[in-house]
Visitor: 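So that we are looking at the same thing, I have put the structure below in structure tokens.
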Amino acid sequence: MISRPYDEIKHLIENYLKKEFSLKSDLIWSKPPSAELGDISFPLFNIAKELKIKPDELGEKIISEISFPDIIEKVSLQGGFLNLAFNRSIFVTQVFQTILEQTKYGQNSTMSSERIIVEHTSSNPTGPLHIGNFRGSVLGDVLGRLFSFLGAAVNVRYYVNDLGRQIAPLVIGYFLLKETKLKIKEKGDLWLGKVYASMYTFLEIQQLKQKLDLLGWKSQDGVSLYSLDETDLKTMQDFLNNLPKENKEKDNTYKWYSKLARVQSLLIERIPEVYEKLNSLTSSRIDDLESMTNQYVKSYQEGKDKLIVEKFREVTKMALEGHVETLNLFEIYHDDFDWESDVAWSGEVQPMLDKLEDKNYLRHDGKARLLKNDTIAEELGYKTKYSISYEIPDSIIVNSEGITLYPCRDIVYHLHKLEKFNASLCYNVIAKMQQLPQLAVRLALYGLGSTDSADRIHHFDYEYVSLIGRKMAGREFDYVTPDELFVLAQEEIKTIIEERNYSEEEQQKIAQKIAASSIKYHILKMDPQKSVSFDVKKAVDPNENSGAFLQYSYARALSILSRSSKHDIDVQKILESTKKEKQIIEKQAEWELVKLMEELPSILIKGAKSLRPDSVANFTYSLASAFHKFYDACPVLKAENPELIKSRVIMVVSIIKCLESLFEVMGIKSLEKM
RNA sequence: GGUCCCGUAGCUCAGCUGGAUAGAGCGUUUGCCUCCUAAGCAAAUGGUCGUGCGUUCGAAUCGCAUCGGGAUCGCCA
């Protein structure tokens, strides 16, 4: 356990109060609003009330009866607050020693008894990652790093959703193009995103046309089933307008029609080559895309048709490779990849459904099956346990075609997920949108009797990211990818570096590292629960975001050390002497910096326990900021006297260690020069 | 309509196990490189913490109500 000066003092007073007054509640410490009042403060109101004494009287008693250790220099009482000031020299000597004696400052074994799975990203292999799901990647990555820094065994997994119905049109389109020997000139996942957007639109247009046919609209002869040409648009509009108002389908169909017309023209504008080429291929080669899609999905789910399996795997692997490439740019890595299709082929889905059926936890609606979420939650005490008082809606897990839906595989997957790593905890870093399906999985596990497993699985949810003024939509090929942000950020950064004397190669390297950390930091620093409207300009602006600010503080610190020999200062020697000598604090900037450095270990623990990786990011910012202030206010190598030089050199070494730990936790690369 | 999340400075956000005068960055204005990297520092500007009521010695923080924004609620994941 970490012993902090703050905690020591707290325990000292607390123990006194417990012994003398048999105090029951905990003592709380806070920071005084201004430096003159001291460094640590105890509001006495609550406990004074419990002990039935006036706050000031209690304060007097504490002051007169406790003999404070040397580290406390001043004790005072002010309006019910007991304020204490540290002896800066003793405090700093102690902090420096703690920092220097650890290989990695802040690393500890708080979580060493845990084995934790972090599942993150798990994006659909239908296109590139975009900043929406990338937010999950960043959060999951840092969460994993944090747990691992605190001693937990961490296993980072990616669940590949390769079975979704939406993959089939992509696979169909991909092979239509492949047969034409078309060369792919861009990143695979981006390419697939274009194919997916096109094919899905064709499918929807077909469905719309069929729907309108049912309502009595007649499509023209010789017009493609998969596109809305001008005559289509006109006759559809007229037809829909002339439908009687009371027709229930009218409004929705009209909306659908308008949306598709818009999407079609958007895609023609954005990705003309792919869209038009695929349109003609699909029109001439495929009679009925919808039934082909269903056939493909069914066949892949069964996994018996080798050719189909190969086709799906080829496409999904291509997408996945693209995702991994993107993630690696940002120092984000996975240990294992689990394929949804493997879960389906394990043959365990049907027995699982049967079991739920036997226990009467499924509701039938035609061929469709619904999980009786509320019944399970009620009967098995889930509602009481997690104090849920509202009614949980049922979830569809098998559709009316008899096709099992995503949650079915997810349930089976989760039955085994914990075993795969012998995990004590599992965090699924998944968008908030998935709240209900995630709850359904847990409830299904309850229903299946795996209560213990269910309780160890947590949905770490984060809000979605939108672009300013619009939503991101894969089906409209409208999203911002981390890759393009990376390129933009690099360009911005290069304009700054150009003024310095770096070689082309160095420039490139530096720009890459800064771009990656800046984007990552920009996303990480925000509360996961806040929905974000993403401003590309701001994400990429080196002045706006502070990823560079952090790296700059590190580079500045290193640069001081690298110049030490020129000033005849032997850093190694100074470090060796720290155990014997007392350190000096002269200026306020130094004092603020030391106090922050002292907090680092507890910030990490708090961040991990409260599942707030963003708090680590924001702390790092404060620390870097305090260092910049120190840098400006306190010359190190040219300090007034040798003692001060020593203390400040140790300060620099300490801040470097602090930043190294924090960078490791956030997956930010440090730069020696920038 | 039910459920969940969010409303803090012109903009983007910290602060929320209740604590003293609510903090950063961007923006606007002004200083600081003969001195360890100016991607920095210092200063000015800017807030009835959505609104109301309640609990409390004390509320941005807790409770209730209300308004506004977002997500989700039977066949997509």
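What you see is a predicted model; the values in this text were computed from it and never measured. Proteins get letters first, then strands, A, B, ... in listed order; numbering begins at 1 in each.
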Visitor: Classify the side chain of A:Asn133 versus the base of B:rA77 as yes if they form a donor-acceptor pair under 3.5 Å and no if they do not.
Guide: no
Visitor: I need the NZ-C1' distance between A:Lys432 and B:rU3, as an integer number of Å.
Guide: 11 Å
Visitor: If I pick the C1' atom on B:rG15 and the same atom on B:rA20, what distance separates them, to the nearest angstrom?
Guide: 16 Å
Visitor: I'd like to check, for A:Phe81, whether its ring lies over the base of B:rA20 with centroids under 5.5 Å apart and a plane angle smaller than 30°.
Guide: yes
Visitor: What does the 5'-to-3' dot-bracket notation of RNA chain B look like when only Watson-Crick and G-U wobble pairs under 3.5 Å count, and pairs to other strands show as |?
Guide: (((((((..((((.....[...))))((((((.......))))))....(((((..]....))))))))))))....
Visitor: Which protein N or O atoms sit under 3.5 Å from an N or O of nucleotides 56-63 of chain B?
Guide:
from	atom 1	to	atom 2	distance (Å)
B:rC57	OP1	A:Lys49	NZ	3.4
B:rC57	N4	A:Asn46	OD1	3.1

Visitor: Tell me whether A:Glu401 is salt-bridged to A:Lys298, with the criterion being a basic N under 4.0 Å from an acidic carboxylate O.
Guide: no
Visitor: Between A:Ser34 and A:Pro407, which has a closest nucleotide on RNA chain B that is more 5'?
Guide: A:Ser34
Visitor: Does atom NZ (A:Lys10) have a neighbourhood of more than 12 heavy atoms from anything else shown, all under 6.0 Å?
Guide: yes
Visitor: Looking only at side-chain atoms of A:Tyr621, point me to the closest of B:rA77, B:rA39, B:rA24.
Guide: B:rA24
Visitor: Check whether any side-chain heavy atom of A:Ile514 sits under 4.5 Å from a side-chain heavy atom of A:Pro542, and report yes or no.
Guide: no
Visitor: Is the closest basic N to carboxylate O distance between A:Asp535 and A:Lys537 below 4.0 Å?
Guide: no
Visitor: Just the rounded figure in Å: distance from P of B:rC33 to CZ of A:Arg556.
Guide: 15 Å
